[in-house]
Amino acid sequence: MQQQIESTVIVHNIAKRHNVGTMARSATAFGVSELILVGRRDFNAFGSHGSTSHLKFRHFHSLNEVQLYLKHRDFDICGVEITDESLPVNHHPFTKSTAFLLGNEGSGLSAKECEICDFFVYIPQYGCGTASLNVTVAASIVLHQFG
């Protein structure tokens, strides 16, 4: 029997708590199996449009706990960040169930967050403005590509 390929989203260090509700809405639309909250358990469901009732939430106190949980379930952890090693998300570099870790809206992924990632993807952009997207927009693009 073939194992079902799943995706999860790891929410850690998101500056604007209302972004979690909007991210939950996209996660539901793109078939994410669960949203993993690290650290603070609370979030603002604004923007979720009821999707939080269709999505499983799991809480961990640390990134190390999340990493152990996901490795036990044979998930890759994919950082969404522009690095020298990042692969374009539209080249679909996914080979199995994947958890996506997105950076803080201002500073991106921290060194500690990068340490738990197996690989990184970036979203190719074609304009000449900032390389930064709102975290919920970035999550939507990446989850759509994974799906």
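Scope of the values below: all heavy atoms of this structure, side chains included, with no hydrogens, waters or symmetry mates.
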Evaluate side-chain contact (heavy atoms from CB on, under 4.5 Å) for I82 paired with F120, printing each intermediate quantity in order. CA-CA 8 Å; I82 300 170; F120 299 90; over 6 Å; no
Between L35 and V11, does the side-chain contact (heavy atoms from CB on, under 4.5 Å) criterion hold? Intermediate values first, please. CA-CA 7 Å; L35 206 73; V11 177; 3.9 Å; yes
Stepwise side chain to side chain donor-acceptor pair (under 3.5 Å) check, N64 with S62: CA-CA 5 Å; N64 289 338; S62 72; 5.1 Å; no
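A side chain to side chain contact (heavy atoms under 4.5 Å, CB included) with I123 is found for exactly one of N90, I141, V137, namely I141. Under the side chain to side chain contact (heavy atoms under 4.5 Å, CB included) test applied with F146, the options V89, V32, I5 reduce to a single match, I5.
Between L143 and A27, the shortest heavy-atom distance links the atoms CD1-CA, 4.0 Å. The two atoms that bring L109 and G79 nearest to each other are CD1-CA, 3.8 Å, heavy atoms only.
In terms of modelled atom types and a separation under 3.5 Å, the side chain of D76 and the main chain of C78 share no donor-acceptor contact. A donor-acceptor pair under 3.5 Å is formed between the side chain of T98 and the backbone N or O of K96. Using modelled atom types, one side-chain atom of D118 and one backbone atom of I77 make a donor-acceptor pair closer than 3.5 Å.
Between the CD atom of Q67 and the CZ atom of F60 there is a distance of 12.0 Å, given to the nearest 0.5 Å. In this structure, S7 OG and F94 CZ are separated by 9.5 Å, a value rounded to the nearest 0.5 Å. One distance of note links CG of L63 with CD1 of I116; it measures 4.5 Å at 0.5 Å rounding. A distance of 11.0 Å separates CZ of F30 from CZ of R25, quoted to the nearest 0.5 Å. One finds the CG atom of L70 at 5.0 Å from the CD1 atom of I10 (value rounded to the nearest 0.5 Å). For the atom pair OH of Y122 and CG of L87, the computed distance is 8.0 Å after rounding to the nearest 0.5 Å.
Applying the 6.0 Å contact sphere to NZ of K112 captures no more than 12 heavy atoms from other residues, nucleotides or ligands. For H92, the NE2 atom is densely surrounded, since the number of other residues' heavy atoms within 6.0 Å is greater than 12.
Applying the salt bridge (charged side-chain N to carboxylate O under 4.0 Å, His left out) criterion to E34, with sequence neighbours excluded, gives R58, R73. Residues forming a side-chain hydrogen bond (donor to acceptor under 3.5 Å, both in side chains) with T83 (at least two apart in sequence, or on another chain): S86.
With 3.5 Å as the limit, one finds a donor-acceptor pair spanning the side chains of H12 and E113. A donor-acceptor contact under 3.5 angstrom links the side chains of S140 and S26, judged on distance only. Side-chain N/O atoms of E6 and S97 include no donor and acceptor closer than 3.5 Å.
Connection of F57 to F100 is established within a shared hydrophobic cluster, with ILVMFWY side chains joined at heavy-atom distances below 4.5 Å, either directly or through further cluster members.
The shortest distance between side-chain heavy atoms of V121 and P88 does not fall below 4.5 Å.
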